[in-house]
Undergrad: 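Attaching a single structure in C-alpha cells format; questions to follow.
Ligands are counted one by one from 1 in listed order, and the atoms in each one are counted from 1 as well.
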Amino acid sequence: MTLLLEQVSVRIPIGSGREVHALTDVDLVAARGRPHFVIGSSGSGKSTLCSTVTGLLPDSARFSGTVTVTGACTAPELWKRRGRTVGVVPQSAMTCFTPVRKLGGQLAETVRFLRGERSPRELLDLVGLEAGALAKYPHELSGGMLQRAAIAAAIAGDPPVVVADEPTSALDPERSRDAVALLAGLALRQDRVVLVATHDIEALHDVTEDADLSVVFASRVVETGPADEVLTAPRHPYTRDLLAALPENGLHPLPHPTPSLVDLPADYRYGS
Ligand SMILES: Nc1ncnc2c1ncn2[C@@H]1O[C@H](COP(=O)(O)OP(=O)(O)OP(=O)(O)O)[C@@H](O)[C@H]1O
Ligand code: NI
C-alpha cells in the first residue's frame with residue numbers, strides 16, 4: 001500500500017480574480033513502513049499538501065491531480081474515509097479532546113464511531129501510554145502524554161495512512177523528538193503510511209535513517225529523497241539555504257525572500 005500524489009495542484013480564490021497558488025504540480029510517493037516528512041518555510045504549502053490527503057482543504061479551494069491510496073481509494077472518496085483510511089493527528093492535542101470527560105470514555109467513543117477493532121487500552125499501549133491514563137481527564141496529562149493520546153485517537157479506526165501536520169507545535173524540544181519518533185514508529189513498526197509536515201527540522205534528527213523527506217518551497221516539492229541524504233547532501237539551493245538557517249548550522253538567514261503565492265508566475269524559481 002502506497003500513498004500517491006500525482007500532479008496535485010491547489011488554487012484558493014481570494015477575490016478580484018486573484019488566487020493563491022497553494023500547491024503546484026506535486027508528485028509524492030509515501031510507502032508504508034517508511035515515514036515521509038515534509039519540511040519548508042512558513043507559507044510554502046505543507047499544510048495544503050496534508051489537506052489534499054485528509055480532505056481538509058478550504059471549501060473554496062480548487063483541487064486538481066490525483067491522490068490515491070493504492071488498493072484502497074482515491075480522493076475525493078478518500079476524504080470521506082477520514083479516520084478509517086486516513087487518520088489525522090491534530091496540531092494541538094488540546095483541540096481533539098473535550099476537557100470535561102475522561103480519556104477512556106472519549107477514546108471508546110472514537111473507536112465505536114470509527115468501528116475500530118482495538119480497545120482504548122490497546123490503543124494506549126500502541127502509543128506507549130499506561131492504561132491508568134484512561135481514568136484521567138485531559139488536563140491531568142502532560143502535553144507529551146496528551147499528544148500520544150491524540151495519536152491513539154488518530155489510529156482508533158486502524159487507518160493504513162496517518163497524516164500529521166505540525167504535530168510538535170505545542171511541545172518542547174524533547175517532547176517534540178518523542179512525538180516524531182512515535183509517529184515514525186507507526187510506519188516502521190505498524191507498517192502504515194505516515195506523512196508528517198513540520199517546520200521543526202531539529203525534531204527529525206533521531207529518525208532520518210529510515211525515512212524519506214520532501215522539501216516544499218513556494219507551493220512546489222523542490223527536492224525529495226532519503227531523509228539523511230537530503231539533510232546531509234541537499235541538491236536544491238533552497239534546501240541548502242534552509243539547512244544553513246538552522247541554529248546548529250550558524251543561523252544564516254535565507255538569502256532570498258519567500259515570494260507571495262498570490263498569482264505566483266508559473267516560471268518562478270528560487271532566487272529568481
Ligand atoms: N483558507 C485560505 N485562504 C487563502 N489562502 C490560504 C488559505 N489557506 C492557506 N492559504 C495560503 O496558501 C499558502 C500555503 O499555505 P500553507 O498553510 O499550506 O503553508 P504551510 O507551509 O503549512 O505554512 P506554515 O508553516 O505557516 O504552517 C499560503 O500562502 C497561505 O497563505
Ligand atoms: Ni502549515
Side-chain angles (χ1 to χ4, degrees), residues 3 5 7-28 30 35-65 67 75 79 82 86 88-96 147 150 154 162-171 173 176 179-180 183 194-204 212-224 227 230 236 238-239 241-243 245-247 253-254 256-266 268-270 272:
L3 170 68
L5 277 70
Q7 287 297 296
V8 173
S9 294
V10 173
R11 299 288 180 262
I12 306 173
I14 52 166
S16 316
R18 286 148 47 96
E19 51 184 19
V20 177
H21 292 218
L23 213 57
T24 305
D25 296 342
V26 166
D27 292 318
L28 184 142
H36 195 119
F37 296 101
V38 178
I39 61 171
S41 312
S42 187
S44 55
K46 303 181 296 297
S47 295
T48 305
L49 196 165
C50 290
S51 298
T52 66
V53 182
T54 59
L56 296 170
L57 289 166
D59 284 343
S60 62
R62 280 196 300 117
F63 163 92
S64 63
V67 178
W79 301 336
R82 187 159 62 234
V86 52
V88 183
V89 176
Q91 191 163 343
S92 163
M94 274 300 178
T95 59
C96 90
Q147 184 58 303
V162 174
V163 175
D165 182 16
E166 302 287 358
T168 69
S169 58
L171 303 175
S176 295
V180 166
L183 287 166
V194 172
L195 184 70
V196 179
T198 184
H199 66 276
D200 188 0
I201 300 170
E202 279 157 344
L204 305 183
D212 289 320
L213 182 67
S214 289
V215 184
V216 178
F217 173 73
S219 85
R220 293 174 189 270
V221 170
V222 295
E223 172 157 13
T224 188
V230 175
H236 195 278
Y238 169 71
T239 314
D241 291 344
L242 187 67
L243 296 176
L246 292 176
L254 286 176
H256 306 293
T258 305
S260 159
L261 301 188
V262 177
D263 296 332
L264 184 74
Y268 176 84
R269 292 295 173 269
Y270 181 62
S272 70

Undergrad: Does Thr48 approach ligand 1 within less than 4.0 angstrom via side chain, backbone, both or neither, non-hydrogen atoms only?
TA: both
Undergrad: side-chain contact (heavy atoms from CB on, under 4.5 Å) for Leu242 and Phe217? Distances and angles first, verdict last.
TA: CA-CA 10 Å; Leu242 187 67; Phe217 173 73; over 6 Å; no
Undergrad: When you measure from atom 3 (N) of ligand 1 to every protein heavy atom, which one gives the shortest distance, and what is it?
TA: Ile12 CG2, 3.6 Å
Undergrad: Are a donor atom and an acceptor atom from the side chains of Ser41 and His199 found within less than 3.5 Å of each other?
TA: no
Undergrad: Closer than 4.0 Å to some heavy atom of Ser44 - which atoms of ligand 1 meet that?
TA: 19 (O), 20 (P), 21 (O)
Undergrad: What do we get for Pro58 next to ligand 1 when only non-hydrogen atoms under 4.0 Å count, side chain, backbone, both or neither?
TA: side chain
Undergrad: Any side-chain heavy atom of Arg82 within less than 4.5 Å of one from Val88?
TA: yes
Undergrad: Taking all heavy atoms of Gln147 and all of Pro90, pick out the closest pair and write down the distance.
TA: NE2-O, 3.6 Å
Undergrad: Please identify which atoms of ligand 1 are closer than 4.0 Å to at least one heavy atom of Lys46.
TA: 18 (O), 19 (O), 20 (P), 21 (O), 22 (O), 23 (O), 24 (P), 25 (O)
Undergrad: With side chain to side chain contact (heavy atoms under 4.5 Å, CB included) as the test, pick out the partner of Ile39 among Val196, Val230, Leu204, Val216.
TA: Leu204
Undergrad: Val215 and side chain to side chain contact (heavy atoms under 4.5 Å, CB included): which single residue from Val38, Thr224, Val221, Val222 fits?
TA: Val222
Undergrad: Strictly inside 4.0 angstrom of atom 6 (C) of ligand 1, do you find any protein heavy atom?
TA: yes
Undergrad: Does an N or O anywhere in Gly45 fall below 3.5 Å from an N or O of ligand 1?
TA: yes
Undergrad: Mark up the atoms of ligand 1 that fall under 4.0 Å of a heavy atom belonging to Val20, in ascending order.
TA: 5 (N), 11 (C), 12 (O), 13 (C), 29 (O)
Undergrad: Ignoring hydrogens, what is the shortest heavy-atom contact between Ala266 and Arg269? Give both atom names and the distance.
TA: O-NH1, 3.5 Å
Undergrad: Could you identify the single nearest non-hydrogen protein atom to atom 23 (O) of ligand 1 and state the distance to 0.1 Å?
TA: Gly43 N, 2.7 Å
Undergrad: Using a cut-off of strictly less than 2.8 Å, determine whether Ser47 has an N/O/S atom near the Ni ion (ligand 2).
TA: yes
Undergrad: Take atom 1 (N) of ligand 1 and look for protein heavy atoms under 4.0 Å from it; say yes if you find one, no if not.
TA: yes
Undergrad: So is Gly40 close enough to ligand 1, meaning a heavy atom under 4.0 angstrom away?
TA: no
Undergrad: If every non-hydrogen atom of Val86 is compared with every non-hydrogen atom of Val53, which pair is closest and at what distance?
TA: CG1-O, 3.9 Å
Undergrad: Can you see which heavy atom on Leu28 is nearest to which on Ser214, and at what distance?
TA: CD1-OG, 3.8 Å
Undergrad: I need the nearest protein heavy-atom contact for atom 26 (O) of ligand 1: residue, atom name and distance, please.
TA: Ser42 OG, 2.6 Å
Undergrad: Hey, what do you get for CD (Glu19) to OG (Ser60), rounding to the nearest 0.5 Å?
TA: 10.5 Å
Undergrad: Is the closest side-chain heavy-atom distance between Ile12 and Leu57 below 4.5 Å?
TA: no
Undergrad: Given Ala22, Ser60, Ser47, Pro13, which has its nearest heavy atom closest to atom 17 (O) of ligand 1?
TA: Ser47
Undergrad: What is the closest protein heavy atom to atom 29 (O) of ligand 1, and at what distance does it sit?
TA: Leu261 CD1, 3.6 Å
Undergrad: Tell me the contacting part of Ser41 for ligand 1: side chain, backbone, both, or neither, using a 4.0 Å heavy-atom threshold, strictly below.
TA: backbone
Undergrad: Could you tell me whether His199 approaches ligand 1 through its side chain, its backbone, both or neither, with non-hydrogen atoms closer than 4.0 Å?
TA: neither
